[in-house]
> 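Have a look at this one before I ask anything.
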Amino acid sequence: MKRSRLAAFALASALALASCNSLAAAVLKPDVQAAPLNVPAGDYTLDTAHASILFKIDHLGYSTYVGRFERFEASLTGDPASPESAQVTATVDMTSLNIANPGFAAELMGPDWLDAESFPQASFKTYGLKIVGENEADISGDLTLKGKTQAVIIRARLNGSAYDRLRGADVVGFSATLPISRSAFGVDKYAGLITDEVLLEIEAEFVRTPDE
C-alpha cells in the first residue's frame, strides 16, 4: 500500500510539473508574425548568439565548400511606415574564419587570399532598400573587403517579429543571401580554376528593448 501511494504521488508530481512546463512554454513562446507593418520602429542591435554568416563556393565541381565567420556585429534602424529608409551596418572580423581545419583556415586568412592581418575587418553599409515581395527586400550597399569597396545587393527575407519575454526585447529575424565576385575584391588566386562567385548566407536576429 505504501509503495502504491508513493507511486501515485510521484505520478501526480510528474503530471503537475508537466502541466507547469506546458503553461510556462505557452506564456513564454513569442507570437512571431511575418508582417512587416508589425515590426516596431527603432534602433536594433544584432543578437550575435542567434546569428550566423556562412560562405559557400563551388570547389572544382566536386562539392560546395562551406565556411563561416565567428565574430561580427550589426545594427538596424527602421520604421515600417517608411521601409525604404531602413539602414543596416555590419562589420565582420576576418580573423574569425572557421572551416574546421585550422591549417587551411590560416592559409585562407593569409596574404594570398583574404590577407586578414592587413585587412582584419570587412564592412557593409546600406545606401538603399527596395521592396521586392511581401516579405522580401533588396538591400543595396557598399561592401568593403580586403581594402576594396564594391556596390552589392543583399536579398533579405523577413522571417518574423515579436516581443520576446525570454530576452525582454522586441526581436525581428531575417534570412539573407549575398552573392559576390571574389576577384572584384582582389581575392583572385586560382581564378579560372576555382569559380569566382561566392555566396554568403546570413541568419540574423535583431533586438531592441521597448523603452529604447
Side-chain angles (χ1 to χ4, degrees), residues 43-77 86-130 136-159 172-207:
D43 299 327
Y44 290 75
T45 57
L46 183 68
D47 180 354
T48 55
H50 298 94
S52 64
I53 300 178
L54 303 182
F55 71 84
K56 296 183 176 181
I57 184 170
D58 178 78
H59 183 244
L60 303 173
Y62 293 120
S63 66
T64 298
Y65 197 78
V66 181
R68 65 186 294 147
F69 292 96
E70 301 289 356
R71 294 188 294 275
F72 43 86
E73 297 178 349
S75 63
L76 165 68
T77 298
Q87 295 290 317
V88 178
T89 61
T91 59
V92 179
D93 182 349
M94 301 304 291
T95 69
S96 69
L97 176 67
N98 182 356
I99 54 173
N101 183 328
F104 189 38
E107 180 181 341
L108 291 178
M109 288 186 286
D112 290 340
W113 294 91
L114 296 173
D115 198 2
E117 182 175 355
S118 300
F119 306 100
Q121 277 195 340
S123 63
F124 174 81
K125 184 175 182 179
T126 55
Y127 58 73
L129 184 147
K130 179 181 179 182
E136 290 190 329
D138 282 346
I139 304 172
S140 301
D142 285 331
L143 175 65
T144 300
L145 172 65
K146 202 177 178 182
K148 298 182 182 296
T149 300
Q150 299 285 333
V152 297
I153 298 176
I154 297 175
R155 172 62 60 87
R157 183 184 74 247
L158 170 66
N159 295 322
V172 57
F174 298 92
S175 297
T177 55
L178 169 59
I180 64 171
S181 161
R182 65 186 182 94
S183 62
F185 296 94
V187 187
D188 54 6
K189 188 172 184 178
Y190 298 136
L193 178 62
I194 297 177
T195 185
D196 186 56
E197 182 175 282
V198 179
L199 180 66
L200 300 180
E201 295 186 352
I202 303 161
E203 297 293 333
E205 294 183 21
F206 290 88
V207 300

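Model, not experiment: these values are computed from the prediction. Counting begins at 1 with the first residue of the sequence.
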> How many angstroms lie between CG in Leu199 and CG in Asp58, if you round to the nearest 0.5 Å?
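Separation between the atoms: 12.0 Å.
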> Rounded to the nearest 0.5 Å, what's the gap from CG on Leu97 to CZ on Phe104? Could you check?
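Rounded to the nearest 0.5 Å, the CG-CZ separation comes to 9.0 Å.
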> With side chain to side chain contact (heavy atoms under 4.5 Å, CB included) as the test, would you mind laying out the steps for Leu76 and Val172 before giving the verdict?
CA-CA 10 Å; Leu76 165 68; Val172 57; 4.2 Å; yes
> Could you tell me which non-hydrogen atom of Trp113 sits nearest to which non-hydrogen atom of Leu108, and how far apart they are?
CB-O, 3.0 Å
> Enter the distance from Ile53:CD1 to Leu178:CG here, rounded to the nearest 0.5 Å.
10.0 Å
> To the nearest 0.5 angstrom, please state how far the CG atom of Asp138 sits from the CZ atom of Arg155.
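Nearest 0.5 Å value for the CG-CZ distance: 4.0 Å.
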> What is the minimum heavy-atom distance between Asp93 and Phe69, and which atoms define it?
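Minimum heavy-atom separation between Asp93 and Phe69: O-CD2, 3.9 Å.
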> Hey, are Ser175 and Glu203 close enough side-chain-wise for a donor-acceptor pair under 3.5 Å?
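Note: Glu203 and Ser175 side chains meet the donor-acceptor criterion.
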> Take atom CD of Glu117 as the centre, draw a 6.0 Å sphere, and report whether it contains more than 12 heavy atoms from other residues, nucleotides or ligands.
no
> So which heavy atom on Phe55 is nearest to which on Arg68, and how close?
CE2-N, 3.9 Å
> Locate the shortest heavy-atom distance separating Tyr127 from Asp142; write the atom from each residue and the value.
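Minimum heavy-atom contact is CE2-OD1, 3.5 Å.
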> List the steps and the verdict of side chain to side chain contact (heavy atoms under 4.5 Å, CB included) for Leu143 and Gln150.
CA-CA 5 Å; Leu143 175 65; Gln150 299 285 333; 5.7 Å; no
> Should Ile139 and Phe124 count as side-chain neighbours, where that means a heavy-atom distance under 4.5 Å?
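A side-chain contact exists here, since the closest heavy-atom pair is under 4.5 Å.
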> Once the angle between the rings of Phe174 and Phe206 is folded into 0 to 90°, is it parallel (under 30°), tilted (30 to 60°) or perpendicular (over 60°)?
perpendicular
> Given the rule in the side chain to side chain contact (heavy atoms under 4.5 Å, CB included) test, do Phe119 and Thr144 qualify, once you have shown the distances and angles that lead to the verdict?
CA-CA 10 Å; Phe119 306 100; Thr144 300; over 6 Å; no
> Considering all heavy atoms of both residues, which atom of Met94 and which atom of Ala116 are nearest to each other, and what is their separation?
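Taking Met94 first and Ala116 second, the nearest heavy atoms are O-CB, 3.9 Å.
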> Can you tell me how far the CZ atom of Arg71 sits from the CG atom of Asn98, to the nearest 0.5 Å?
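That separation rounds to 10.0 Å.
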> Please name the pair of heavy atoms, one in Glu107 and one in Lys189, separated by the smallest distance, quoted to 0.1 Å.
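Nearest pair, atom of Glu107 first, then Lys189: OE2-NZ, 4.5 Å.
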> Drop me the distance from Glu205's CD to Thr48's OG1, to the nearest 0.5 angstrom.
11.0 Å
> Start with the C-alpha distance between Arg182 and Ile57, add both sets of side-chain angles, then the distance that settles side chain to side chain contact (heavy atoms under 4.5 Å, CB included), and finish with yes or no.
CA-CA 10 Å; Arg182 65 186 182 94; Ile57 184 170; 4.1 Å; yes
> CD of Gln87: more than 12 outside heavy atoms within 6.0 angstrom?
yes
